[in-house]
Amino acid sequence: MVSEETWDEAVAQSRGHDLQSFARGELKDRFGWRVERLALEKARAQVLYRALPGGLGTLAYVPKGPVADYADADSLGELLAGIRLLGRQQRAICLK
C-alpha cells in the first residue's frame with residue numbers, strides 16, 4: 001500500500017493530473033467506485049472500478065492517466081500489464 005503523501009508526491013513530480021491524486025480516489029470511493037493504485041518505480045495508475053448492472057462485470061477507468069513517461073516503453077508496458085492483471089481480478093470488461 002502506498003501512502004497518500006508518497007502517491008501525491010510521485011504524481012506531482014511526474015506532472016500527473018489532479019484526477020490521479022490520492023484524495024480524488026478517496027472521494028470516488030465514497031460514491032461507489034472501488035480504487036486500486038498501482039505504483040511502479042517509474043509509472044503509476046489510480047484505477048477506478050464500477051460494478052455494472054446485472055452482474056455483467058465492472059468498468060475500469062484511469063482518469064487522466066496513467067502517470068508515466070510515455071517514451072519509456074518498458075515502464076509503460078510493465079504498468080499496462082499490471083493494469084490488465086488488476087482488471088481481470090476485478091472482472092473488468094473494458095478500460096477507459
Side-chain angles (χ1 to χ4, degrees):
M1 173 101 179
V2 177
S3 74
E4 179 176 355
E5 184 178 306
T6 301
W7 180 268
D8 286 343
E9 200 172 281
V11 169
Q13 286 177 355
S14 300
R15 295 185 177 166
H17 196 278
D18 285 343
L19 293 180
Q20 282 290 304
S21 71
F22 198 95
R24 181 64 176 201
E26 295 302 299
L27 177 67
K28 295 297 278 185
D29 182 62
R30 292 186 196 126
F31 289 92
W33 292 83
R34 281 191 315 273
V35 180
E36 294 282 344
R37 294 178 184 92
L38 182 59
L40 304 176
E41 187 176 335
K42 295 181 179 180
R44 59 192 57 236
Q46 178 166 254
V47 188
L48 307 174
Y49 296 96
R50 183 83 181 228
L52 294 172
L56 297 174
T58 60
L59 168 69
Y61 176 45
V62 182
K64 300 290 183 177
V67 178
D69 177 359
Y70 288 88
D72 185 345
D74 292 336
S75 291
L76 188 58
E78 186 179 352
L79 182 67
L80 292 175
I83 292 171
R84 175 179 278 169
L85 179 62
L86 284 174
R88 285 184 179 162
Q89 292 170 353
Q90 297 292 331
R91 296 185 52 235
I93 63 168
C94 68
L95 170 68
K96 178 178 180 192

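None of these values were measured; they are calculated from a predicted model. Residues take their numbers from the sequence shown, with the count starting at 1.
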If hydrophobic clusters are built by linking Ile, Leu, Val, Met, Phe, Trp and Tyr wherever their side-chain heavy atoms come under 4.5 Å apart, do [X] and [Y] end up in the same one?
X: Ile93; Y: Leu95; result: no
X: Val2; Y: Val67; result: yes
X: Leu52; Y: Val35; result: yes
X: Leu80; Y: Leu38; result: yes

>> Return the CG to CG distance between Asp69 and Asp74, rounded to the nearest 0.5 Å.
In response: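 CG of Asp74 is found 11.0 Å from CG of Asp69.
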
> Does atom CD of Gln89 have more than 12 heavy-atom neighbours from other groups under 6.0 Å away?
Replying inline: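 Enclosed.
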
>> Take a 6.0 Å sphere around CZ of Phe31 and say whether it holds more than 12 heavy atoms from other residues, nucleotides or ligands.
In response: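 Check fails, neighbour count at 12 or below.
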
> Can you tell if the side chain of Leu48 reaches within under 4.5 Å of the side chain of Pro63, non-hydrogen atoms only?
Replying inline: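 Yes; the side chains approach each other to less than 4.5 Å.
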
> Taking side chain as C-beta onward, heavy atoms only, is Arg50 less than 4.5 Å from Tyr61?
Replying inline: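 Not touching, per the 4.5 Å side-chain cut-off.
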
>> Val11 vs Phe22, test: side chain to side chain contact (heavy atoms under 4.5 Å, CB included). Steps then yes/no.
In response: CA-CA 9 Å; Val11 169; Phe22 198 95; over 6 Å; no

Are any side-chain N or O atoms of [X] and backbone N or O atoms of [Y], one a donor and one an acceptor, separated by less than 3.5 Å?
X: Trp7; Y: Gln20; value: yes
X: Arg91; Y: Gly55; value: yes
X: Gln46; Y: Ser21; value: yes
X: Thr58; Y: Gln90; value: yes

>> Lys28 vs Glu36, test: salt bridge (charged side-chain N to carboxylate O under 4.0 Å, His left out). Steps then yes/no.
In response: CA-CA 11 Å; Lys28 295 297 278 185; Glu36 294 282 344; over 6 Å; no

>> Among residues at least two apart in sequence or on other chains, which ones pass side chain to side chain contact (heavy atoms under 4.5 Å, CB included) with Ala45?
In response: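 If we apply the side chain to side chain contact (heavy atoms under 4.5 Å, CB included) test to Ala45, skipping adjacent residues, the hits are Val47, Val62, Pro66, Leu79, Ile83.
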
